[in-house]
There are 2 protein chains.
Amino acid sequence: MAPDQDRAAGSLYRKVAADLREAITSGGYGDNGRLPAEGALAEQYGVSRGTVRQALAMLRADGLVTSRRGTRRVVLGTARVQSFSELLSFTHWARSMGEEPGGRLESLIRRPADAAEREQLRLEPGTEVYVTLRLRTLSGKPVMVERTVYPPRVGEVVAQLPPDVVSHTEPLREHGILFTDADHTIDVVAANADDARLLGCRRGSPLLREKRRTTDPTGTPVEWSQDRYLPGTVAFSIHNSLASSALSRHAREND
Amino acid sequence: MAPDQDRAAGSLYRKVAADLREAITSGGYGDNGRLPAEGALAEQYGVSRGTVRQALAMLRADGLVTSRRGTRRVVLGTARVQSFSELLSFTHWARSMGEEPGGRLESLIRRPADAAEREQLRLEPGTEVYVTLRLRTLSGKPVMVERTVYPPRVGEVVAQLPPDVVSHTEPLREHGILFTDADHTIDVVAANADDARLLGCRRGSPLLREKRRTTDPTGTPVEWSQDRYLPGTVAFSIHNSLASSALSRHAREND
DNA sequence: TAGTGGTCTAGACCACAGG
DNA sequence: CTGTGGTCTAGACCACTAA
């Protein structure tokens, strides 16, 4: 078991959800099969129906099952949805694919925030921010350029990390800086001179861009980042429904 | 009020959620402000705490509020998240931006499904599918090429629509074909000859691609589509958190 | 310590699917 | 009609935050 999965512990409904997820993804209920009724599951696990429903809501959000009034839940598929930490951390993502993540800090500067940065990070005029430029690699091959702006509290921690540290989210968590919510925007952008030099592509060639603003549980922004990927190295996937949705990032596969 | 929003009707928690959403987005609680306690909201609306929590879970998924044990919920922002129908329907999306959606059916053919299509739509070998190629425009300007594969049950309905019909999801709903779940993948692809001709770009120039498979409440696939957008016309946004996430598509704004 | 959200229970009624 | 998921209630206890 990956250490990530142990987070199922702590609450009952997470344990039930983890167990059901395991049963589903290992084919225990078949594809397009039906799950037992909520009442049956409640009895089977020795919990109330409400707890079972809370567990099933997680699977619903992940696109594993549908639900419709009147009939049993249907197994949609064995969709692989990434955990939140896999989504935010290049390092976790790479490792989950069996690739070796690498990176190089190109620059780290401290300067007053401009208007856009103040807006994104909710900072007072004159506040200084830390700005990093990193090249990210998979098994030695450049795939992404990452530009991140940190507010002072976070930047001070980042600035003291060794320049060759692979993961940033882990040390930050140890400093009590938590990532709980993120807004992402995905589009296409042309490579500028820096992008071209670092990624080894032509200037003006298209890159897949992900802009991301992350906040902690109090709603305070902790990071504003702009990642630019070489085409063909990444795709973003989302499952959504009338009720909920989820995003996942994965290596691109053939058409 | 847009007709879409009337769907808040039907259940209590949706009404509560709609009311709170309105209060938040109109600034009633301020940015980074605090919501009243769950108990207070329950009393205010005359419902149980469980119902209030169900409503708040929706706002949480939309990125409007955070939550943390021990303190009141924090208003994250006034994020505009699109409804599921806006996300699936080009027509709804265009109108929500105040643009005039247009389109032209370039071709509609019926032929046996190939291996990939059978896989995506869960069809038996030899089953025939309907394949459409459409050019989509905003206020007359080409922005997207859409290739959709329908299984027979759905294709038969689509094939009988007038070629210049703007929205397909609406007539389908009237035929009892419901869209409840979708999986999306977003990446970059080079324009082929057809794309270049229809969109008026050079062959090989980059396009933002969204692949989408949609299913109905029983888990049966009803559509497999591949949309290719001109760069600069669209971006995709997602809010996600430790608990949940949502996707929205919107017009690109300046950097 | 007091207030808050997170979790869990037990029971109720309804709307809808399908025989 | 029966069985199912959808909704709602009333109450309980716990873990955590902030004063």
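Numbers restart at 1 for each chain; the letters A, B, ... are given by sequence-line order, proteins then strands. Keep in mind the model is a prediction, meaning the values are calculated, not measured.
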- prompt: OP1, OP2 of C:dT4 versus side-chain N and O of B:Arg72: anything below 4.0 Å?
  reply: yes
message: Of the listed nucleotides (C:dC8, D:dT9, C:dG5), which one gets closest to any side-chain atom of A:Gln54?
response: C:dC8
- prompt: Is the distance from OP1 or OP2 of D:dT9 to the nearest side-chain N or O of B:Thr51 less than 4.0 Å?
  reply: yes
- prompt: Just how far, in rounded Å, is C1' of D:dG5 from CG of A:Leu59?
  reply: 15 Å
- prompt: Between D:dG11 atom P and B:Arg49 atom CZ, what is the distance in whole Å?
  reply: 13 Å
query: Which one, C:dT9, D:dT17, D:dA12, comes nearest to the side chain of B:Thr71?
result: D:dT17
query: In whole Å, what is the span from the CZ atom of B:Arg69 to the C1' atom of C:dC8?
result: 13 Å
message: Tell me whether the side-chain N/O atoms of A:Arg68 come closer than 4.0 Å to OP1 or OP2 in C:dG18.
response: yes
field: Interatomic distance, B:Glu43 CD vs D:dA10 C1' [rounded to whole Å]
entry: 14 Å
field: N/O donor-acceptor pair, side chain B:Arg14 with base D:dG6, under 3.5 angstrom
entry: no
query: Any side-chain N or O of A:Arg53 under 4.0 Å from OP1/OP2 of D:dG6?
result: yes
- request: For B:Leu56 and D:dC8, give me the distance from atom CG to atom P, rounded to whole Å.
  value: 14 Å
- prompt: Which comes earlier along DNA chain C counting from the 5' end, the contact point of A:Val52 or that of B:Ala37, where each point is its nearest nucleotide?
  reply: B:Ala37
statement: The residue among A:Val154, A:Thr220, A:Thr215, A:Val149 that forms side-chain contact (heavy atoms from CB on, under 4.5 Å) with A:Leu121 is A:Val149
- request: Give one of base, sugar-phosphate or nothing for A:Arg73, where a contact means two heavy atoms less than 4.0 Å apart.
  value: sugar-phosphate
field: For the student: nearest non-hydrogen atoms of B:Val222 and B:Pro151, plus distance
entry: O-CD, 3.4 Å
- prompt: Is B:Asp227 salt-bridged to B:Arg134, going by a charged N under 4.0 Å from an acidic O?
  reply: no
task: For the side chain of B:Leu12, starting at C-beta, report the closest nucleotide among D:dG6, C:dT9, D:dT9.
output: D:dT9
- request: Give a yes/no answer on whether the side chain of B:Ser67 brings an N or O atom under 4.0 Å of OP1 or OP2 in C:dG6.
  value: yes
- line: Rounded to whole Å, CZ of A:Arg34 lies from C1' of D:dT4 at a distance of 11 Å
message: Rounding to an integer number of Å, can you tell me how far B:Leu35 CG sits from C:dG5 C1'?
response: 12 Å
task: Return yes if some donor-acceptor pair links the side-chain N/O of B:Arg118 with the main-chain N/O of B:Ala113 below 3.5 Å, else return no.
output: yes
- prompt: Just by modelled atom types, is the A:Gln120 backbone N or O under 3.5 Å from a matching donor or acceptor in the A:Arg213 side chain?
  reply: yes
message: Nearest heavy atom decides the nucleotide; on that basis, is B:Gly39 or B:Thr218 closer to the 5' end of DNA chain C?
response: B:Gly39
message: Rounded to whole Å, please give me the gap between OH in A:Tyr13 and P in C:dG5.
response: 16 Å
